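A single structure is presented below for examination.
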Amino acid sequence: MSNDWTHKQPWQWSLSEITESILNIRAGRSLRPKSWPNGAKCAVAFSFDVDHESNELRDGAKSVTRLSWGQYGARVGLPKVRQVLRNAEVQATFFIPAVIAQLYENDTKTLVYEGHEIGLHGWIHELASDLPHEVEKDLLSRGADLLEKICGTRPRGARMPSMEMSRQTVSLLRDLDFVYDSSMMADLDCYEIDVNGRPSGLLEIPIDWSRDDGAYLMMDRFGGVRPYTSPEDVLEIFSRELDGAFEEGGLFQIVMHPHIIGYRSRIWILEELIRRAKAKSDVWFCTHRQLAEWVAVEPLS
Ligand SMILES: [Zn+2]
């Protein structure tokens, strides 16, 4: 691969360079298994991105009010989420920036104690696509080390902050012994990520904005972003995704944030979604790691 295209403007690329730019990081073979554990009809994987203050820290910690919004996630949002999961006896995956895991070390350890999985969510919610190769490598490596120190086990999964990957991220995660990433959007089912047309060995548990609370409920005072969907409608959208996964025998994966879902007018969405999933009676609630381990070894459909 010449990578000449990276030094040109997009309108200067030849057709082969366009192909090369797309093939560089791409969904490879589908990892949709023939069956789920205990004969379940579909897999249900909840994930929570525990950003807390890291969104504002990444931007230079200029706004005290936005820092307090992040603190709400820790003080109120996360306890509400944990309470719902505890009542429902559901284990989930929490992706945490390393500095947040350290700042709230007791919370991180409590999540581990409660049976949840901890995955890496960057160092300080930095955007990987902005970083030089060596800096990204250093932050991922230090982040994995810090989470291991706090949790007692090395993280096996990562979700890149703001779902932004660089062209190096897949190779770096694989070299650091991560088993899966959960930042890409090329399928409804898990897949193996190909790098330059070859299987990378890294699994993808795909996300999508349609299954992300932030896409409907986020607020940015100066950026003009406002919540535009009612909580009832958000639940309906999530429920249809769940119903579809059940009918197809596939995967229902979802992303939520303690500082977004953890309000009195919203936390019931999580509660009701779990209730609806349980009402189907034969679904497999799993952490992302359990999911990655299952699809890696099961016969494929
Ligand atoms: Zn995040």
Side-chain angles (χ1 to χ4, degrees), residues 31 42-52 54-55 73 77-78 80-86 88-98 100-101 107-108 110-112 114-122 125 143 147 151 155-165 173 178-191 202-218 234-235 237-239 241-242 245 250-262 266-267 269-271 273-274 277 283-295:
L31 294 174
C42 78
V44 174
F46 282 90
S47 66
F48 299 88
D49 292 359
V50 185
D51 295 340
H52 295 346
S54 65
N55 280 309
L78 185 59
K80 281 187 184 295
V81 167
R82 282 180 39 227
Q83 182 70 48
V84 170
L85 296 178
R86 198 162 47 238
E89 297 181 339
V90 167
Q91 262 84 48
T93 300
F94 290 76
F95 293 99
I96 313 182
I100 295 298
D107 285 351
T108 308
T110 302
L111 287 169
V112 175
E114 290 175 345
H116 302 298
E117 179 197 3
I118 306 298
L120 185 61
H121 195 43
H125 215 266
L147 281 194
C151 302
R156 305 315 300 274
R159 172 168 298 144
M160 303 312 288
S162 302
M163 320 303 191
E164 276 294 310
M165 306 176 84
L173 289 176
F178 281 85
V179 172
Y180 73 88
D181 168 76
S182 183
S183 319
M184 293 172 70
M185 310 185 181
D187 207 326
L188 293 167
D189 295 300
C190 298
Y191 55 86
L202 193 73
L203 308 189
E204 178 62 29
I205 298 176
I207 50 109
D208 188 74
W209 300 124
S210 62
R211 301 185 308 275
D212 185 326
D213 60 355
Y216 308 105
L217 303 171
M218 189 57 111
V234 174
L235 173 66
I237 295 167
F238 291 165
S239 290
E241 291 288 333
L242 171 66
L251 164 66
F252 172 73
Q253 185 279 346
I254 195 160
V255 181
M256 292 182 176
H257 303 73
H259 72 290
I260 296 175
I261 201 74
R266 298 172 177 175
I267 191 70
I269 298 173
L270 173 60
E271 222 165 9
L273 200 54
I274 293 174
V283 305
W284 178 46
F285 286 94
C286 55
T287 65
H288 283 42
R289 179 175 179 170
Q290 289 167 332
L291 175 65
E293 286 170 351
W294 182 264
V295 301

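The shown structure was predicted, so the numbers you read here are calculated from the model rather than taken from an experiment.
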query = Is any side-chain heavy atom of L270 closer than 4.5 Å to a side-chain heavy atom of F46?
reply =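 A side-chain contact under 4.5 Å exists here.
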request  = For C42 and A245, work out which heavy atoms get closest and say how close.
outcome  =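 In terms of heavy atoms, the two residues are closest at CB-O, 3.6 Å.
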Backbone of I254 reached by a side-chain donor or acceptor of S47 within 3.5 Å =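 At least one qualifying donor-acceptor pair exists.
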inquiry  = Testing the basics here: between A292 and V179, what is the closest heavy-atom pair and its distance to 0.1 Å?
reply    =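 That would be CB-CG1, 4.3 Å.
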message = I'd like to know if the side chain of E204 and the backbone of M184 have a donor-acceptor N/O pair within less than 3.5 Å.
response =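 Yes, because the side chain of E204 sits within donor-acceptor range (under 3.5 Å) of the backbone of M184.
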query = Are any of the side-chain heavy atoms of L273 and L235 separated by less than 4.5 Å?
reply =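 In contact.
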inquiry  = Looking at every heavy atom in both G157 and F178, which two are closest together, and how far apart are they?
reply    =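 For G157 and F178, the tightest heavy-atom pair comes out as O-CE2, 3.4 Å.
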ask   = If you take all heavy atoms of H288 and T93, which pair is closest and at what distance?
value =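 So the two residues come closest at N-OG1, 2.8 Å.
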inquiry  = Quick one: does any side-chain atom of R266 pair with a main-chain N or O of I260 as donor and acceptor, under 3.5 Å?
reply    =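 It does hold such a pair.
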I274 side chain near V44 side chain, heavy-atom distance below 4.5 Å =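 Side chain of I274 against side chain of V44, heavy atoms only: no contact under 4.5 Å found.
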ask   = Looking at side-chain heavy atoms only, is the closest gap between I118 and P155 below 4.5 Å?
value =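 No, every pair of side-chain atoms sits at 4.5 Å or beyond.
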query = Do L85 and F94 have side chains that get closer than 4.5 Å, going by heavy atoms?
reply =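 Contact flag for L85/F94 side chains = yes.
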message = I need the L120 CG to L173 CG distance, nearest 0.5 Å.
response =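 It comes to 8.0 Å.
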task = Determine yes or no for a side-chain-to-main-chain donor-acceptor pair under 3.5 angstrom, with S182 supplying the side chain and R159 the backbone.
result =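 Side chain of S182 to backbone of R159, a donor-acceptor pair under 3.5 Å: no, none is there.
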task = Return the orientation label for the W284 and W294 ring planes: parallel under 30°, perpendicular over 60°, tilted otherwise.
result =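 Geometry flag for W294 against W284: tilted rings.
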message = Within the structure provided, determine whether D212 and M163 are in side-chain contact (heavy-atom separation under 4.5 Å).
response =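 SC-SC contact between D212 and M163 confirmed.
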task = Hey, could you give me the CD1/CG distance between I237 and L242, rounded to the nearest 0.5 Å?
result =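 Spacing of CD1 (I237) from CG (L242) equals 14.0 Å.
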ask   = Between CD1 of I100 and OG1 of T108, what distance do you get to the nearest 0.5 Å?
value =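 Here the interatomic distance stands at 9.0 Å.
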ask   = Given the rule in the side-chain contact (heavy atoms from CB on, under 4.5 Å) test, do V234 and D213 qualify, once you have shown the distances and angles that lead to the verdict?
value = CA-CA 8 Å; V234 174; D213 60 355; 5.6 Å; no
request  = Indicate yes or no: at least one non-hydrogen side-chain atom of L31 is less than 4.5 angstrom from one of D189.
outcome  =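 The answer is no, as the side chains (C-beta and beyond) never meet within the 4.5 Å cut-off.
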inquiry  = I'd like to check Q91 versus Q290 (side-chain heavy atoms, cut-off strictly below 4.5 Å). Are they in contact?
reply    =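 They are not in side-chain contact.
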Full working for side-chain contact (heavy atoms from CB on, under 4.5 Å) between M185 and I207 = CA-CA 5 Å; M185 310 185 181; I207 50 109; 3.4 Å; yes
ask   = Looking only at heavy atoms, which two atoms of E241 and S210 are closest? And how far apart?
value =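 Minimum heavy-atom contact is OE2-OG, 3.9 Å.
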inquiry  = For C190 and L203: C-alpha separation, side-chain torsions, deciding distance, then whether side-chain contact (heavy atoms from CB on, under 4.5 Å) applies.
reply    = CA-CA 7 Å; C190 298; L203 308 189; 5.9 Å; no
message = The test is side chain to side chain donor-acceptor pair (under 3.5 Å); show your working for H259 and D51 and say whether it passes.
response = CA-CA 8 Å; H259 72 290; D51 295 340; 4.6 Å; no
query = Is a side-chain N or O of S54 found less than 3.5 angstrom from the main chain of P97, in a donor-acceptor match?
reply =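 Judged by distance alone, no pair lies under 3.5 Å.
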query = Looking only at heavy atoms, what is the nearest atom pair of P258 and H52, with distance?
reply =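 Result for this residue pair: CB-CE1, 4.4 Å.
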request  = Please check if the side chain of N55 supplies one atom and the backbone of H125 the other of a donor-acceptor pair under 3.5 Å.
outcome  =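 No; judged by distance alone, with no hydrogens or angles, the pair does not exist.
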request  = First locate atom CD1 of I205, then atom CG of L291, and finally report the distance between them rounded to the nearest 0.5 Å.
outcome  =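 It is 4.5 Å, given to the nearest 0.5 Å.
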message = Rounded to the nearest 0.5 Å, what separates atom CZ in R86 from atom CD in E114?
response =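 Result: 5.0 Å between the selected atoms.
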inquiry  = Pair I96, L111 - check side-chain contact (heavy atoms from CB on, under 4.5 Å), show working.
reply    = CA-CA 11 Å; I96 313 182; L111 287 169; 4.1 Å; yes
key: N/O donor-acceptor pair under 3.5 Å between E117 side chain and T287 backbone   =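 Flag not set: sc E117 to bb T287 has no pair under 3.5 Å.
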query = Should the ring pair F95 and H121 be called parallel, tilted or perpendicular, given that the plane angle runs from 0 to 90° and is split at 30 and 60?
reply =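 Because their plane-to-plane angle lies in the 30° to 60° range, the rings of F95 and H121 count as tilted.
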